[in-house]
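First comes the structure, then the notes that go with it.
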Number of protein chains: 2
Amino acid sequence: MQIAPASNSADGSATQRTYLAIRRMIVAGVIKPGEKLKIEQLRTRLDTGASPIREALSLLTSEHLVTRIDQRGFRAAETSRKNFNEILEMRCELEEMALRKSIGRATDAWEEGVMLANYRMVRARQQGGEKFEDLHKAFHMALLANCDAPILLQFCSQLYDLNIRYRYLAGLALNYQKRDVDTEHRRIMECAIARDADTASAELKSHYRQTGAFIAELIGEDVSD
Amino acid sequence: MQIAPASNSADGSATQRTYLAIRRMIVAGVIKPGEKLKIEQLRTRLDTGASPIREALSLLTSEHLVTRIDQRGFRAAETSRKNFNEILEMRCELEEMALRKSIGRATDAWEEGVMLANYRMVRARQQGGEKFEDLHKAFHMALLANCDAPILLQFCSQLYDLNIRYRYLAGLALNYQKRDVDTEHRRIMECAIARDADTASAELKSHYRQTGAFIAELIGEDVSD
DNA sequence: TTCGCAAATAATGTCGATATTTTCCGCGTA
DNA sequence: TACGCGGAAAATATCGACATTATTTGCGAA
C-alpha cells in the first residue's frame with residue numbers, strides 16, 4: 001500500500017493557495033459570517049493579484065461559503081440555525097449513502113486507509129497540534145472514500161466543511177474532550193471494517209447528531225426551524 | 001401571486017453572461033466531452049476578456065461540467081456510463097428528498113407555481129420553440145422549489161444539468177414524443193398537488209429511470225458499472 | 001529510420017491599470 | 001429636523017500585457 005504524505009499546502013498555483021487560505025479563514029471563523037470580502041484587502045493580506053482572489057471566491061461561492069451579489073462584491077456566507085439544520089440533515093443522509101456504498105465494496109486497501117487515518121487523528125489529538133481538524137476530516141472522508149461515487153463524495157466533503165465552520169464559530173474545539181469522541185470514532189470504524197453497514201450508519205449519524213444538537217443550542221437565534 | 005417573467009439571459013455582468021454561455025455550450029454538446037477549453041479561443045468567441053472566462057470556468061469546475069489540471073488549463077468534463085449512472089441515482093435520491101419536503105410544506109402559491117410551469121412547458125413543446133428545455137427544467141425545479149432547503153435545491157439543479165447533458169449528447173430531444181411525457185409530467189404534478197408524496201416520488205423516479213435506461217443504452221461504452 | 005534533446009511556439013496564470021458602478025457624505029431645501 | 005439630491009470617494013469588474021510553464025517542432029546522433 002502506498003502511504004500518502006500528509007498533504008502539502010504550500011504547493012500549487014497562486015489560485016490554489018489563495019483558495020485554500022480564504023476557505024480556511026472562513027471555516028475557522030477568522031472571517032466572520034456576513035463580513036465583506038474586499039478584493040483590495042485580500043490582495044494585500046495574501047500578497048497576490050486580483051485574478052487569483054476572484055477565482056478563489058468564485059469557487060467558494062459554489063460551495064456556499066461565500067455569497068456574491070452582482071456588482072456589489074463578495075461576502076462570507078451568513079449563518080443561521082436553519083442553515084445549520086439543513087447541513088446536518090443533508091450530511092446524515094448523504095454520508096449514510098456513501099458509507100453504505102463504501103462498505104459494500106470494501107477492500108483491504110480501504111480498511112487500511114481507514115485504520116491509518118484513525119491512527120493519525122488520535123495521535124494528533126494527543127499531541128495537541130493544530131493538525132487535528134484536518135486529520136479529523138481525513139478520517140471521516142476515508143470512511144467514505146471507497147464509495148466510488150465522485151460526485152457524492154464531493155458533496156460530503158463540501159457539507160463537512162460547512163458543518164465544521166459552525167463548530168469553530170461555537171468555539172468548542174475543546175468540548176470534544178468531554179464526550180469520548182475517540183471511542184465513538186473507533187466504534188464507527190470497527191463496524192465499517194466488520195462490514196456491518198446498518199450499525200456503522202447508525203453510529204455515524206448518532207455521532208453527528210450528538211455534536212449537532214449541542215451546537216444548535218449554542219447558535220442562539222430563535223427562528224422557527 | 002407575482003408571475004415571474006421567463007428569465008432574461010442578456011442582463012448581468014460579463015462573468016454571468018460568460019458563465020451561462022459556456023455552460024449552455026457544454027450542456028448542449030456544442031463543446032464535446034474532453035474538449036480543450038482554450039482561454040484565447042473563448043475570448044474571441046465570446047468577445048470578452050480573460051478574467052470573466054476564468055471565473056466562469058472556475059464555477060463550472062465546481063459543478064463537474066469542467067475539469068481543471070493545474071498549469072494545463074481547462075477541459076469539458078469527460079462522460080462515461082459510470083458517471084451517468086451516478087448522476088441518475090443521485091438525482092433520484094435527492095429529488096425524492098426535496099419533493100417530499102416540498103409537498104410536506106405545500107401552499108397555494110407553490111401549487112400555482114407548479115401548475116404555471118407545467119403550462120408553459122407544454123405550450124413550448126407544442127409551439128416547438130427552443131425554449132422547451134429551459135422550461136422543462138423550470139417545471140421540475142418548481143416541484144422542488146417549496147422544500148425550503150437551499151443547498152439541497154442547488155444540488156438538484158446541478159444534477160439536473162449534468163443529466164440533461166447526456167440527453168443532448170444522445171441526441172434525442174425528439175425521442176420524447178414517443179413516450180407520452182406530457183402525461184407523465186401531469187401525473188407527477190397531480191400527485192404532488194394532491195399531497196400524495198409517496199405516489200409522486202414513485203412517479204418521479206420512474207420518470208427519470210425510464211429516460212435514464214434509454215440513454216444508458218445509447219452511451220455504448222462497455223465499462224463495468 | 002527512430003530516438004532524444006533543444007529551440008521555438010503556444011497556452012496558462014498572474015499582474016497592474018482603467019472604466020464603471022456603488023456607496024458614502026454633505027449640502028440645500030421644505 | 002428630516003428628506004432628497006448631487007458630487008466625491010471607494011470598490012468592483014474588466015481589460016491588455018507580461019512572465020512562466022507546457023507543448024510542439026525540427027535537428028542531430030545512434
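Throughout, a chain's letter reflects where its sequence line sits, starting with A, and its residues are numbered from 1. Just so it is clear, the model here is predicted, and its values are computed rather than measured.
Ranking D:dT12, D:dC15, D:dA13 by closeness to the A:K36 side chain, first place goes to D:dT12. Ranking C:dC15, C:dT14, D:dT12 by closeness to the A:A14 side chain, first place goes to C:dT14. Comparing D:dA13, C:dT23, D:dT14 by their closest approach to the side chain of A:F74 singles out D:dA13. Distance from the side chain of A:R54 is smallest for D:dA13 among the nucleotides D:dA13, C:dT12, C:dC15. Side-chain proximity of A:R72 to C:dC15, C:dG13, C:dT23: nearest is C:dT23. In this structure, the nucleotide among D:dA22, C:dG16, C:dA11 sitting nearest to the side chain of A:R43 is C:dG16. Of the candidates C:dT23, C:dT14, C:dA11, C:dT14 carries the atom nearest the A:S51 side chain, counting heavy atoms from C-beta on. Closest approach to the B:K38 side chain among D:dT14, C:dC15, C:dT12 is made by C:dT12 (side chain taken as heavy atoms from C-beta onward).
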| task | Apply salt bridge (charged side-chain N to carboxylate O under 4.0 Å, His left out) to A:R24 and A:D134, showing your working. | result | CA-CA 11 Å; A:R24 182 172 294 267; A:D134 284 345; 3.4 Å; yes
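Note on A:L37: only backbone sugar-phosphate atoms sit closer than 4.0 angstrom, heavy atoms only; bases stay farther off.
Sequence order on DNA chain C of the closest nucleotides to A:T48 and B:I39 puts B:I39 first from the 5' end.
Atom CD of B:E40 is separated from atom P of C:dA10 by 11 Å (rounded to the nearest Å). What separates CZ of B:R68 from C1' of C:dA11 is a distance of 13 Å, to the nearest Å. Atom C1' of nucleotide D:dT20 and atom CD of A:Q16 are separated by 18 Å, given to the nearest angstrom. Distance A:L42 CG to D:dA10 P: 18 Å, rounded to the nearest Å. Between the CZ atom of B:R75 and the P atom of D:dA22 there is a distance of 15 Å, rounded to whole Å. Rounded to an integer number of Å, the gap from B:Q71 CD to C:dA11 C1' is 11 Å. For B:I53 and C:dT14, the CD1 to C1' distance is 16 Å, given to the nearest whole Å. Atom-to-atom, CD1 of A:I69 to P of C:dT21 comes out at 17 Å; the value is rounded to the nearest Å.
No side-chain heavy atom of B:E55 sits under 4.5 Å from any side-chain heavy atom of B:Y19.
A distance of 9.5 Å separates CD of B:Q154 from CG of B:L159, quoted to the nearest 0.5 Å.
Looking only at atom types and distance, the side chain of B:Y208 has a donor-acceptor partner in the side chain of B:E95 under 3.5 Å away.
Of all heavy-atom pairs spanning B:H136 and B:H185, the tightest one is NE2-NE2, 3.1 Å.
Between B:T15 and D:dT14 there is a side-chain N or O to OP1 or OP2 distance below 4.0 Å.
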